[in-house]
Amino acid sequence: MLSSSPYRDVKVIDVARKAGTSPATFYQYFPDVEGAVLEIAEQMAAEGAQLTQLLEGRSWVGKAALQTSQDLVDGFLDFWRKNDAILRVVDLGAAEGDKRFYKIRMKILNSVNNSLTDTVKELQSKGKVDKDVSPAAMAGSLVAMLAAVASHQRGFQTWGVKQAELKPNLALLVHLGVTGKKPTK
């Protein structure tokens, strides 16, 4: 329902009808529509925690680094596209200052942010990334960029940018941010 109606327009009666049940049954499980949305969002955030697997044990050296960047971009954009409707509500709630939605958003983003921070730290310890780079700031900037691009995927089409063009360019930016170098071809 969230993909076809604005969040604030979804009413308990509509949800109950769509589920083939009564509002009374709905209220046995959830206090209101927001409560149901939070439950769905928590489940989605648990799935989002698996985004860290896109980076586990991956190489950021040589040609493998570009592949790791591409896999991260593909996985992140796919996750966002799959959960677009609920993520829009989470983003809205977080932007309005609702701590419950903010925590859910951060749970998703932290899974990638923490892994990228560790990656930059590791590359620094090996002398492959400049010591002046702040690992947390770089990772946070990249994750914020990924989230912004992911939530704006349809908008790129109005700019004449095809999905096939977006992904490699985003992967290039991630690669440059993590390694500080242009990819090896």
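Every heavy atom of this structure was used, including side-chain atoms; hydrogens, water molecules and symmetry mates were not. None of these values were measured; they are calculated from a predicted model. We're numbering straight along the sequence, starting at 1.
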Task: Atom of L55, atom of S115 and distance for their closest heavy-atom approach - done: CD1-CB, 3.4 Å

Task: SB check D78 K82 (cutoff 4.0 Å) - done: no

Task: Minimum heavy-atom distance between A45 and K107, given as atom pair plus value - done: CB-CD, 3.9 Å

Task: pair D84-R88: side-chain heavy atoms closer than 4.5 Å - done: yes

Task: Plane angle bin for F156 and W159 - parallel if under 30°, tilted between 30 and 60°, otherwise perpendicular - done: perpendicular

Open item on the list: Would you say D74 and Q70 are linked by a side-chain donor-acceptor pair, where the criterion is simply a distance under 3.5 Å?
Closed with: no

Open item on the list: Apply side chain to side chain contact (heavy atoms under 4.5 Å, CB included) to residues L146 and L72 and explain how you reach the verdict.
Closed with: CA-CA 10 Å; L146 284 168; L72 173 60; 4.2 Å; yes

Task: Side chain to side chain, N114 and T52, heavy atoms closer than 4.5 Å - done: no

Open item on the list: Can you give me the closest heavy-atom contact between T117 and A139, atom names plus distance?
Closed with: OG1-CB, 3.2 Å

Open item on the list: Between S111 (side chain only) and I108 (backbone N and O only), is there a donor and an acceptor less than 3.5 Å apart?
Closed with: yes

Open item on the list: On a heavy-atom basis, which atom in K181 and which in H175 lie closest, and how many Å separate them?
Closed with: O-ND1, 2.9 Å

TODO: Check F76 against L109 and note the closest heavy-atom contact, atom names and distance.
DONE: CZ-CD2, 4.0 Å

